[in-house]
Structure formats: structure tokens, C-alpha cells
Amino acid sequence: MRTGLLFAVLLGLSACDTAVGTEVSRASAKGTVNSILGARLPGVPLEPVTDCVIDNASGSEIVQIGSDALRGQPSPETVDLVIEIASRQETITCFIEDAGPILAAQIATAL
């Protein structure tokens, strides 16, 4: 019940077109993305990689990813979604710009 309530609050905030709603949703999603990428990319600095994934996710994708933060562990569907977002051309371009081409190649190979 508590998880459902937290998810409803997260969903409600993400639906708000406010800076607070956006930041709460993104912060929740970042934690989940960090855990997924950290497991697949040991030794890679996660902040720029996570930022690229979040920046290239739609609002509904951010809500889906962020909801796993409430469960404590990413679902297989969320893992697949994060990998799909990380594989988008726009996200790869972001990796190259923010992390550099060598690191971007490592990321692409690991995912």
C-alpha cells in the first residue's frame, strides 16, 4: 500500500509541469539508472552516462524508471528500457560529447 501511495505521488509530481515535479521524477529515475548501469559498466564514471540516459528518455519513461526506485530493485522491463534508451543514437551522441569517444565505445560494447 505504501509503495502504491509513493508511486501515485511520484506520478502526480511528474505530471505537474513544474520544476519540482520534474526534478523529483528525474532524481528517482537517476538512482535506478545508476544501479542498472553500475552493474553493467564497472569502473565507468556513471554521472555523465546516467545524465545522457535521463536526458534522452521521455517523461513517461522517466516515470516508469523512477517507479522502480520505490520497489528497491529494477524490474527486467526497466533494465530493458534503460538499455534501449542508452542504445538510441541521440544518447550515444551524448555519451561521445560528455564522456568522450573511447568511453562511449566501451559503453556501447558493454550494453
Side-chain angles (χ1 to χ4, degrees):
M1 171 114 175
R2 197 165 97 173
T3 301
L5 178 61
L6 289 172
F7 179 71
V9 169
L10 177 64
L11 185 60
L13 283 173
S14 68
C16 295
D17 190 17
T18 66
V20 172
T22 300
E23 287 308 308
V24 168
S25 298
R26 288 174 64 90
S28 295
K30 280 185 177 187
T32 301
V33 171
N34 267 335
S35 70
I36 292 168
L37 296 179
R40 293 178 175 265
L41 304 169
V44 171
L46 293 177
E47 187 173 345
V49 177
T50 296
D51 288 345
C52 287
V53 170
I54 295 296
D55 290 346
N56 286 286
S58 70
S60 62
E61 289 169 334
I62 289 172
V63 169
Q64 179 181 343
I65 294 166
S67 69
D68 277 5
L70 301 174
R71 285 192 283 270
Q73 182 172 349
S75 68
E77 295 81 16
T78 299
V79 172
D80 291 344
L81 176 59
V82 168
I83 293 169
E84 189 271 320
I85 296 167
S87 300
R88 293 178 185 163
Q89 185 58 50
E90 298 84 9
T91 310
I92 293 168
T93 299
C94 181
F95 292 156
I96 293 168
E97 291 171 357
D98 290 1
I102 294 172
L103 191 55
Q106 289 175 322
I107 295 166
T109 303
L111 297 177

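- The list of disulfide (SG to SG under 2.5 Å) pairs with a residue in residues 75-111, not counting sequence neighbours, reads Cys52-Cys94.
- Atom CG in Leu81 sits 8.5 Å away from atom OG in Ser60 (nearest 0.5 Å).
- For residues 27-42, the pairs satisfying salt bridge (charged side-chain N to carboxylate O under 4.0 Å, His left out) are Lys30-Asp51, with sequence neighbours left out.
- The stretch residues 54-83 participates, sequence neighbours left out, in no disulfide (SG to SG under 2.5 Å) pair at all.
- When the side-chain hydrogen bond (donor to acceptor under 3.5 Å, both in side chains) test is applied to Thr78, the partners found at least two apart in sequence or on another chain are Asp68, Ser75.
- Not counting sequence neighbours, the partners of Asp55 by the salt bridge (charged side-chain N to carboxylate O under 4.0 Å, His left out) test are Arg26.
- Every residue meeting the salt bridge (charged side-chain N to carboxylate O under 4.0 Å, His left out) condition with Arg88, not counting sequence neighbours, appears here in chain and number order: Glu61, Glu84.
- At a threshold of 4.5 Å between non-hydrogen side-chain atoms, the residues Ser87 and Ile83 count as touching.
- With sequence neighbours left out, Asn56 forms a side-chain hydrogen bond (donor to acceptor under 3.5 Å, both in side chains) with no residue at all.
- What you find for Ala86 and Val53 is that their closest heavy atoms are CB-CG2, 4.1 Å.
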Which donor-acceptor pairs under 3.5 Å do the side chains of residues 42-50 make with protein atoms, sequence neighbours left out?
{"unit_1": "Thr50", "atom_1": "OG1", "unit_2": "Asn34", "atom_2": "OD1", "d": "2.6"}
{"unit_1": "Thr50", "atom_1": "OG1", "unit_2": "Leu46", "atom_2": "O", "d": "3.0"}

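- Atom CD1 of Ile36 sits about 9.0 Å away from atom CG of Asp80, to the nearest 0.5 Å.
- Inter-residue side-chain proximity for Ile65 and Ile85 is flagged as met; some heavy-atom pair is nearer than 4.5 Å.
- Shown here are the side-chain hydrogen bond (donor to acceptor under 3.5 Å, both in side chains) partners of Gln73, two or more places apart in sequence or in another chain: there are none.
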